[in-house]
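For the numbers below, each heavy atom of this structure counts, side chains included, while hydrogens, waters and symmetry mates do not. By convention in this document, chain letters (A, B, ...) are assigned in the order of the sequence lines, proteins followed by strands, and residues within each chain are numbered from 1. Bear in mind that the values here come from a model prediction, so they are computed numbers and not experimental data.
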Amino acid sequence: MRQTQDKYEAVQESKWVRIVLILFSVAFLGIFLVLPLGIVFEHAFSEGLRAYWRAITDPLTLSAVQLTLIASLSAVACNALFGIALAWLVTHFRFRGRQLLMTMMDIPLAVSPVVAGMVFVLLLGRYGWLGPWLEAWNVQVIFATPGIILCTVFVTVPFVARELIPMMEERGPQEEEAAFVLGASGWQTLRLVTLPAIKWALLYGLVLCNARAMGEFGAVSVVSGHIRGLTNTLPLHIEILYNEYEFAAAFAVSSLLALLALATLGIKRIIELRQQRTTEREDLGSV
Amino acid sequence: MTIELHEVLKKFGEQLVINLVSLSVQERELFVLLGSSGSGKSTILRVIAGLVRPDSGSVVLRGNDVTFVPPQKRGVGVVFQNYALFQHMTVAQNIEFGLKIRKMSAKQRKQRSDELLELVGLSGLAHRYPMQLSGGQSQRVALARAIAYEPSVLLLDEPFGALDVKIRGKLRRSLKALQKEVGITTVLVTHDQEEAFELADRIAVVERGRIVEVGTPHQLYHAPRTEFVANFVGGGNVLFGRCHEGKVRLGATYLPFPEDAPPHDEGAPVRVLFRPEWVAYGKEFDQAGGNGFLLGNGTLRDRLFGGAVERLRFELDSLRGSQSVGLSLEYGQRGTLVDGLASSLAADIPEIGEERVLSLNRCHILQPTSLRILAKVELGRDNHALLATAAHLGGVSHGLLSLLVTASTKEDLARNQELLESSKTEVLSVRRDIRLTVRPRVGPVVAETVLESQEGYFDVVLLSRPETSEQDEAALPEVARHVLVSARVPVIVVSNCGSALKRVLICTAGGEPGKSDVRLAARIARHTGAVARVFHVRRRDTTSFEMARVDRHLSRAQAVLTSFGVENDVLVVEGEPIVELKQQIEQGAWDLVVIGASLHSILGDPLKPSFDAQVLHATAAPVLIVPTPD
């Protein structure tokens, strides 16, 4: 890397500019990221380890953890399937409405999650369009786990597809064509050629998807109904604790969420390293 | 026959990518599809592989029709342009992929991949990943992978495209050796003619979705049939001359027709090819060597050092009036440019500006197949029928169509730019694949049309019939008359209705059929797929001696039509020529009426209406008038 940078000497900034930029970035990250995280842990342990442990092992907290995991794992599973299908569709076929589809895919990023939650309530709630029909079948979506899963899936839709599309576009269909010619069926090609090739991009997309799913607040907040021990996810649980002035407990649970986020970041970093190693192999090959 | 394509047609949306391509590749042959980028050659390859399904036509591999068989079941090996190696698999896994799909045991697979790696000279690289390979190594892995399961056919798409020049030469040789060793029928796609020459048993030259010519490298270089191949394969001089009394007239020079030259009609355009190394030069004619084909005096204009050879460019005055196809003159130069070649060790290379006598060791005459058509677009009237007929004729004959617009001043011409553009659009809406040029000219209509007809070496000039009000019943339209008499180029006068030219009536009412009118009619009829009738009107007082002569001529005319593959018959009636002809035209629904016209009959008697003009009045169909010698 060092060498490549030296090659572009003309566009390198002077030493002082570099130092100022580095200091600025470090200060910014410190104030807005590291400091708050530190405060979360500081507050979490403010009433001692025992209080922390009690807050975390509280049945209501555990049920919130359980629900959060269910919701995020469902989101990851759904979006893995949907993301691969969507990316395959837009990269392998040219059809009318393709651009529209790619734009629509980004709607969850653009729309406020609260609005998304409201839409689901209006659509599936008791007085919504499909509400009476669902009730007739005795299915409850809103204010229950299915609604939470639905919302989580909705807000995380773009993550996998957005990772895969540029990657698959860059690869082109050549390897698949080669596999066809060599006698592989469509399914064999997907299993032996396509999936291994997009493996890291897919995992990266799934990790991002997971991170977003666990932290989701807005949409879930609207459809959950805040029934403790039943429809509370971790972020909602934290809000309730906070509103009830149980700061230490709130921060303790927050720290749990923060730890999950850090773990996700760790996995993301590992995947990035793996990806980098693959590309470095490429650099080696071209020398 | 290992690979056969029958009239394969493929469109991508509106664009015609493969235009009725038929070809057959022999067992164990290395067949090369040569063409510039975008010519459709790779798509042809993909049709054979099954990656593209043709809209119509069929693909036959080893006697089995595989048109609707998916690529998995065709058993072909393909080396893709960028090799398309599986990046996440090792070299060995790549090679074994096809075997694994075919459920071969791991042990056998390993044995086969080792064998192949040895064959392509990459033993020891089995565990590398594609990203760790150089371009040449990747190419060889792709090759090994393609032939691993012993397919019956190997297809290669620009296999050397991404490689350094040095490695290319080496790999070419090893590919050819490997192909002969394995004995696999191979189709290779390339845009590089040097590569095609070195590798191919036979080459098919592809242009705009069509196969222009197929032949051995030797044939295509020394004796191409078409101008496209003459220019595309190797450097060459292609000059336009005219056939004149059994010789080729190039400006002031006459060349004899070589023995193998295709037959040309008197006055027809002749395209002469000579490669730079066929040009000999010397201070005197007898020193120039050559086989007595004297070209004339040339002045050296340019010389380029090219390593082994020096490229010389001469300007010849004696060829003035014969048009060079490839090389165009700079402003201020008047002659014709001819490229020559000399060994860079030769002692007698002239300096720039020096004069030499040029002669030819050999020359080659191209086939007179494709029609060169000039269509005169009229200002301020409906050109619809003219353009439709011209586009149809140019399209079916794969010929060249030039649109001529004349205006009296430059300003007028600029104002009529729109007319030119709309005419172009109209032609292209009829035939998308036509070769079209536009010739705007400033000057008097008649003079410019005659000049263009003469200088452009056209086979036929299309003119619109004048509006009824201004039509002179006694004589041919003025422009037509002048083109026929001064330029001696055949004319088609088109009326208000366009036509597909499916029924051709060759009238010999005036006298016996000439050679040139029947030949041109036969060429047109062959391209449009028309049926033809040779029609003769006999006067009541004809002697039996004359009758026998006419019969002989008629059967010769029929023989010519048959040799062009045109379905034909002969009808002889007795009576007054123009009356009988009128009746025949009314009855027969003919699309094209052909008459031969001698100089005498065109200029004619000012007091008597000319026969040609009467024919023109007798029909609304297009009339082809061919000037015949008196």
* A/A178, A/G172, A/A197: which one forms the most heavy-atom pairs within less than 4.5 Å of chain B? -> A/A178
I'd like to know whether [atom1] of [X] has more than 12 heavy-atom contacts from other residues, nucleotides or ligands below 6.0 angstrom.
X: B/Q111; atom1: CD; result: no
X: B/K176; atom1: NZ; result: yes
X: B/E118; atom1: CD; result: no
X: B/K180; atom1: NZ; result: yes
X: A/F28; atom1: CZ; result: no

* Structure fact -> Here the gap from B/I101 atom CD1 to A/T189 atom OG1, rounded to the nearest 0.5 Å, amounts to 7.0 Å
* **Donor-acceptor pair, side chain of B/R102 and main chain of A/L182, under 3.5 angstrom** => yes
* Donor-acceptor pair, B/H88 side chain versus A/K199 backbone, under 3.5 Å? -> no
* To do: Starting from the C-alpha separation in whole Å, work towards a yes-or-no answer on side chain to side chain contact (heavy atoms under 4.5 Å, CB included) for A/V181 and B/L51.
  => CA-CA 8 Å; A/V181 171; B/L51 295 167; 4.0 Å; yes
Using non-hydrogen atoms only, which part of [X] is less than 4.5 Å away from chain A: side chain, backbone, both, or neither?
X: B/L99; answer: neither
X: B/F97; answer: side chain
X: B/R46; answer: side chain

* For B/M89 and A/L192, work out which heavy atoms get closest and say how close. => CE-O, 3.5 Å
* Part of A/E175 within contact of chain B (heavy atom distance under 4.5 Å) -> both
* To do: Report yes if the side chains of B/V78 and A/F180 come closer than 4.5 Å at any heavy-atom pair, otherwise no.
  => no
